[in-house]
Amino acid sequence: MDKYSLFVPNFLPSGEYLAAPSNKTCVGCGVSLAVRQIGKVVENFFDDVAFARPGKDDLFKGKTDAAFLKIKKGDSEVLFCLDDEPAGGVDNAVKKPMPVSAVEQGVKYVATACPSYPFDLMNKVQMALKVSGKSYIHVLCPCPAGWQFNTENTVKVGFKAVESLAFPLYEVVEGTYKLTNKTVKPRQIAEYLGAQERFSNVKEEEITAAGAAAQEEYQKLFGAA
Amino acid sequence: MESTAKLSKVTIDCSAVAKSDAKPYTPGAGGSVPEWEKDRCIRCGICYVYCPTGSVVRLGDGFFEADKKTCSSCGICHRECWLGVISMVEEE
């Protein structure tokens with residue numbers, strides 16, 4: 001925990017940076033939460049920033065229509081994928097090929113993060129800003145409107161995503177994978193997918209298959225859970 | 001100072017609500033705002049970290065207060081408070 005010690009909530013900068021107070025998002029928005037937490041690290045010290053939803057895009061050869069945030073600071077350039085899964089589907093919720101293909105294409109610093117783990121996210125942003133060159137952070141942002149859960153559960157759903165191994169938090173420094181948040185006792189995948197009403201019509205076999213796929217993906221990267 | 005001009009470029013918006021499969025709901029959920037029970041609050045600041053709109057304001061004595069103008073009544077602070085100090089109180 002020593003690396004988190006700088007990020008005790010009460011020591012965070014009190015200003016709101018990037019778009020936090022003036023954004024046009026829904027109630028309980030995960031994207032807004034993630035951008036605000038990123039802003040607490042970057043503050044005003046950057047050269048350029050851009051936010052876009054490019055639509056179906058061939059970026060890193062993984063198809064997605066999630067939102068992207070790009071921050072340039074000095075010679076480092078950080079690309080955030082703010083993944084709120086607008087495409088829907090159980091496969092989309094479990095399989096995240098983007099970070100892996102970013103690693104294969106030689107991006108120096110790649111990480112996955114979730115605003116439910118704010119200090120983990122801020123730590124990764126800080127690491128990415130230290131790297132000269134391009135880095136990529138894939139942020140899972142629970143979306144109450146699209147995923148259909150109550151607005152107060154945004155953070156709880158993020159916890160479930162990580163603890164059910166559907167979205168493990170890791171970072172890749174020059175090709176070496178390292179878990180930053182090791183789940184000791186994994187949850188059932190049904191707990192995560194069942195919390196979202198958009199999957200209420202999905203058959204049970206499909207959910208079990210998704211769980212198996214998530215397990216397989218996890219074991220491929222980090223060995224047995 | 002010069003970066004303030006660049007900040008206005010960023011507008012965080014969303015495409016999910018335009019989709020037909022999004023769940024309909026009333027923004028503001030009755031217009032309730034969080035209220036802190038100061039006797040039991042340990043000032044950990046977890047409500048401050050998890051607020052998506054940045055409406056939780058830290059006061060001079062270390063306690064917290066909601067900015068009623070920007071609060072969207074999502075209830076995340078109420079749900080995440082470890083001690084259950086925050087209650088959502090309906091506004092008239």
Side-chain angles (χ1 to χ4, degrees), chain A residues 7-12 14-37 39-40 44-51 53 55 65 67 69 82 84-86 88 115-116 118-119 143-156 197-198, chain B residues 1-32 34 42-59 62-64 67 69-81 86 88:
Chain A
F7 290 125
V8 171
N10 285 330
F11 291 138
L12 287 176
S14 55
E16 297 299 338
Y17 304 95
L18 297 180
S22 59
N23 49 19
K24 296 169 183 162
T25 50
C26 317
V27 179
C29 179
V31 175
S32 160
L33 179 55
V35 171
R36 178 176 174 248
Q37 289 175 359
K40 292 278 175 194
N44 269 338
F45 308 113
F46 53 81
D47 299 324
D48 200 9
V49 61
F51 178 87
R53 238 174 228 281
D65 43 3
L69 181 75
L82 304 167
D84 51 4
E85 293 171 11
S116 301
F119 304 124
C143 166
W147 301 11
Q148 306 184 358
F149 56 82
N150 287 345
T151 54
E152 75 264 26
N153 291 334
T154 302
V155 172
K156 283 277 181 288
E197 233 174 86
R198 62 171 171 164
Chain B
M1 283 298 112
E2 49 172 358
S3 52
T4 34
K6 286 168 189 164
L7 285 182
S8 58
K9 263 199 227 169
V10 189
T11 307
I12 309 299
D13 56 4
C14 175
S15 67
V17 276
K19 295 213 164 200
S20 55
D21 58 356
K23 186 187 187 180
Y25 66 94
T26 41
S32 47
I42 57 165
R43 296 176 273 183
C44 64
I46 204 77
C47 46
Y48 178 73
V49 184
Y50 281 142
C51 181
T53 53
S55 345
V56 176
V57 183
R58 195 190 294 131
L59 302 173
F63 288 104
F64 296 90
D67 182 349
K69 277 183 198 153
T70 54
C71 177
S72 62
S73 313
C74 61
I76 292 179
C77 50
H78 160 71
R79 186 84 162 80
E80 291 305 318
C81 182
I86 304 169
M88 301 299 283

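Naming: A, B, ... by sequence-line order, numbering from 1 per chain.
- Cation-pi geometry between A:R36 and B:Y48 is met: under 6.0 angstrom from the ring centre, within 45 degrees of the axis.
- Looking at residues two or more places apart in sequence or on another chain, you find a side-chain contact (heavy atoms from CB on, under 4.5 Å) between B:C77 and B:P34, B:C47, B:I86.
- Of all heavy-atom pairs spanning A:Q37 and B:V49, the tightest one is NE2-O, 3.4 Å.
- Put simply, CG on A:N150 and SG on B:C74 are 11.5 Å apart, with the number rounded to the nearest 0.5 Å.
- Note on A:S116, A:A34, A:G39, A:P115: by heavy-atom pairs under 4.5 Å with chain B, the leading option is A:S116.
- Minimum interatomic distance between B:P52 and A:C29 (heavy atoms only, all atoms of both residues): CB-O, 3.7 Å.
- Every side-chain contact (heavy atoms from CB on, under 4.5 Å) that B:E80 has, sequence neighbours left out, goes to A:V155, A:K156, A:F159, B:Y50, B:I76.
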